[in-house]
Each structure stands twice: as structure tokens, then as C-alpha cells.
Amino acid sequence: MKAVFRFSIVVVLSLFLVSPAFAGKKVHWKLAMTWNTNLTPFATAPLNLAKMVKEMSGGDFTIRIEGSEKHKAALGILDMVKGGQYQMGHTASYYWKGKDISTVFFSTIPFGMNVEEQYAWFYHGGGMELMQQTYDKFKVLSFPGGNTGVQMGGWFQKEINSLADLKGLKMRIPGMAGEVFAKLGVNVTNIPPGELYTSLDRGTIDALEWVGPAMDIKMGFHKIAPFYYTGWHEPATELQFLINKRAWEKLPEEYKAMLTTAMKAVTADMFIDNFAGSVDAWKKMKTDYPNIEVKTFPKPVLQAMKKAADSLYNDYAAKDTNFKKVLDSQRAYMEKARQWTNISEYNYIKTMKELTE
Ligand code: CA
């Protein structure tokens with residue numbers, strides 16, 4: 001009996017002595033999103049992240065999520081996280097190309113890697129380190145935040161039959177793809193997600209690209225622009241979690257572990273949610289909206305896009321050493337990874353397709 005009592009004392013004492021440093025430490029953060037709170041599955045990732053860390057910390061670490069309907073600064077997330085108004089953000093890296101052109105690589109680039117190749121590059125090809133080096137000057141940490149896979153090329157009011165049809169076209173298209181289109185004579189703009197439908201409806205723009213069937217159909221673009229082009233410009237769009245560096249450094253180690261684990265989990269979930277959503281939306285689109293005309297850009301137009309993209313990459317690389325460093329890393333990794341993609345995923349799909357034709 002005495003021994004049991006003594007044992008209990010030891011257990012209780014050791015609980016106190018070695019109990020996690022974070023126990024009882026309350027941390028309340030705020031996260032600003034580029035998206036409205038109801039924009040699924042993008043907004044689902046940070047909402048689930050907050051739920052996970054709250055559960056993992058027994059309610060001591062909370063993150064309040066604010067959508068763009070509240071903070072009204074959809075494209076101001078990097079500044080707000082850098083400035084400390086928010087400890088975290090959920091957005092996309094290529095929105096910051098005006099601050100640093102190399103940020104485009106951590107979303108996606110035209111004719112770049114697909115989603116498997118790009119995640120392999122992030123986690124096993126030096127991508128995470130190159131991303132952090134690029135974001136160090138903003139005093140923020142950057143993490144993957146969910147992926148859309150191959151995006152559709154966008155909604156056009158008129159069919160694109162030749163390069164001449166692109167000249168003077170007003171289009172919303174962000175990132176490096178916008179620069180490619182600008183080189184081909186398109187009047188390019190980036191408009192926050194919440195204003196896309198109105199801009200297209202009012203004729204501020206003639207065409208736009210958003211994501212893919214799951215997210216596009218809900219926006220109603222098909223009602224005003226019936227030509228739906230297949231993708232070339234965003235083969236693996238990665239979303240982004242941003243964290244203010246000072247806030248991160250103050251976090252107990254255990255909370256850092258919870259946060260990084262939760263970010264990785266919701267990132268994978270978002271990719272799965274969006275893929276499944278597009279599977280359903282694509283099927284529904286064929287039956288419910290037969291007026292949508294699915295098109296692929298003509299080969300000469302695609303060849304011109306590819307040429308314009310390569311020349312842009314080389315121009316930027318010549319004047320920006322970090323851009324060159326990341327470009328070389330992505331090019332080398334893609335060359336290596338594509339050999340495996342071709343013989344595994346691509347060959348499997350191709351063989352299956354041929355068997356059933
Ligand atoms: Ca897009």
C-alpha cells in the first residue's frame with residue numbers, strides 16, 4: 001500500500017515536472033484569407049486547420065479565421081501577415097509577383113510540373129528551402145496550403161481560333177500566365193475572386209480563368225462565357241500558408257509541431273476535396289449545362305504560348321539570380337521526374353484509354 005502511494009506521488013510529481021511546457025499556455029492567433037469564408041474547398045483548409053490545432057492543444061491554441069468579406073483586402077494578405085495584423089494568412093504565392101517575381105514558382109508556372117512532380121520537388125527536391133529563401137526578406141514563413149491540380153484554361157465569350165483572337169482581349173489571369181498572355185497581346189488584369197462574375201458580366205473583362213469545374217460552375221461563369229478551354233497555364237496550383245516570423249518564434253515547440261502537422265494534413269485534404277468536386281461537377285456539367293463548349297487552344301496558339309513562356313523565363317533569369325536559381329531547380333527536377341511520370345501515370349492512363357476505345 002505504502003509502495004503504491006509512493007508510486008502515485010512520483011507519478012503526480014513527474015506529471016508536473018515533465019508536463020508539456022505548453023499546458024495551459026493560451027495562444028490566440030488570427031488568419032486572413034484571400035477567399036470568402038464560404039469559398040470551398042479553398043477556405044476549408046484554414047477552417048479545418050483551426051479546428052485541428054484547437055483539438056490538439058485541448059483548446060489552448062486557437063486561430064480565428066477571417067475571410068475577405070471581413071478584412072476587405074483579398075490581395076493584401078502578405079502585407080498584413082508581414083506587418084503582424086494577422087499571424088497567419090491563406091492565399092497563393094503568385095499573387096506576390098509584383099513584390100518578387102520568383103514567388104510565382106511556389107504556386108505554379110505555365111508548362112511546369114504536375115501536382116505529383118511539384119510536391120516531390122517541394123519535399124524532396126529542395127523546393128521548400130528555395131521557397132523560404134525567397135520569403136525570408138518579408139519576414140514570413142511560407143508553407144504549401146492545398147493544390148488544385150491542373151486548372152482549366154478559362155471562360156471565353158468568343159472562340160479562340162488563332163493568335164489574332166487574343167489581341168486586345170481583356171482577361172483576368174494571374175501569375176506568370178498573365179505575363180505570357182500579355183506578351184501575346186492580351187490586356188491582362190488580376191481581380192480578386194469575389195469580383196470575378198460582376199467583372200465578366202459588366203464587360204470589364206472578356207474572359208477569365210479561375211480554377212476548374214468544381215469551383216467555376218458555382219461562380220456561374222458558364223452563363224456569360226460559354227467557351228471553356230482546357231489548361232496549359234496552371235498545371236499544379238499550390239495555395240499558401242503564410243506565418244509571421246516573430247509570432248512563429250514565440251510559439252511553444254509543441255504548438256509549432258501541431259501547426260506544421262495540421263498544415264500538411266489540410267493541404268492534402270484540399271487537393272482531394274477539389275479533385276472529387278471536379279469529378280462530380282464535370283459529370284453534372286455535361287448533363288445540366290450542355291451549352292458549355294469545351295475547347296483546347298489550337299496548336300499554333302499553344303506553341304506561341306510555350307515560346308513566350310520560355311522567353312520570359314530566360315529574360316527574368318538573366319536579370320534576377322534567385323529567379324534563375326529556382327527556375328534551374330524546377331527545370332532539372334521536372335526533367336528527371338517527367339521520365340517517371342511518363343512511364344507510370346501517363347502510360348497507365350494512355351494504355352487504359354486505348355484498351356477501351
Ligand atoms: Ca487560376
Side-chain angles (χ1 to χ4, degrees), residues 33-36 39-45 68 74-75 77 90-98 101 103-115 118 144-157 160 166 169-182 184 186-200 204-222 224-225 227-240 267 270-271 273-275 277-278 281-282 285 292 294-297 302 305 309 312:
M33 302 189 285
T34 287
W35 347 103
N36 285 349
L39 194 83
T40 56
F42 284 9
T44 318
S68 60
L75 301 178
I77 308 294
H90 190 247
T91 182
S93 184
Y94 60 10
Y95 292 146
W96 323 125
K97 81 175 169 73
I101 190 67
T103 55
V104 295
F105 291 112
F106 313 107
S107 293
T108 184
I109 57 165
F111 307 106
M113 290 181 273
N114 76 0
V115 69
Q118 192 167 286
N147 199 293
T148 66
V150 173
Q151 293 202 0
M152 287 294 281
W155 300 88
F156 291 73
Q157 287 168 333
I160 304 299
L166 287 178
L169 191 84
K170 289 175 288 177
M171 181 168 185
R172 181 269 182 190
I173 178 166
M176 192 55 93
E179 306 229 351
V180 172
F181 259 174
L184 299 176
V186 176
N187 277 329
V188 171
T189 174
N190 186 20
I191 297 170
E195 298 160 32
L196 290 176
Y197 185 87
T198 322
S199 305
L200 187 61
T204 313
I205 47 174
D206 311 306
L208 59 78
E209 71 75 56
W210 177 221
V211 179
M215 296 186 72
D216 291 8
I217 292 291
K218 284 187 276 186
M219 296 284 235
F221 303 137
H222 55 281
I224 38 181
F227 297 100
Y228 197 21
Y229 277 86
T230 57
W232 59 279
H233 66 310
E234 296 199 34
T237 313
E238 188 63 42
L239 303 184
Q240 176 185 44
T267 289
M270 199 238 97
F271 172 66
D273 290 352
N274 186 63
F275 188 89
S278 281
W282 186 254
M285 205 175 85
I292 298 174
V294 178
K295 299 271 177 191
T296 292
F297 290 108
L302 283 164
M305 290 168 177
L312 272 168

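In listed order, ligands and their atoms are each counted from 1.
The aromatic rings of F297 and F181 sit perpendicular, their planes meeting at an angle over 60°, well past the 30° parallel limit.
By the criterion of a separation under 3.0 Å, the protein N/O/S atoms near the Ca ion (ligand 1) amount to Q151 OE1, E209 OE1, E209 OE2, W210 O, E234 OE2.
Nearest heavy-atom pair across S278 and P213 is OG-CD, 3.7 Å. Taking every heavy atom of both residues into account, T230 and V294 meet most closely at CG2-CG1, 4.2 Å.
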Considering only distance and modelled atom types, tabulate donor-acceptor pairs under 3.5 Å from the side chains of residues 190-197, sequence neighbours left out.
| unit_1 | atom_1 | unit_2 | atom_2 | d |
| --- | --- | --- | --- | --- |
| N190 | OD1 | R172 | NE | 3.3 |
| N190 | OD1 | R172 | NH2 | 3.3 |

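Shown here are the ring-ring contact (aromatic ring centres under 6.0 Å, His included) partners of Y94, two or more places apart in sequence or in another chain: there are none. Shown here are the ring-ring contact (aromatic ring centres under 6.0 Å, His included) partners of F271, two or more places apart in sequence or in another chain: there are none.
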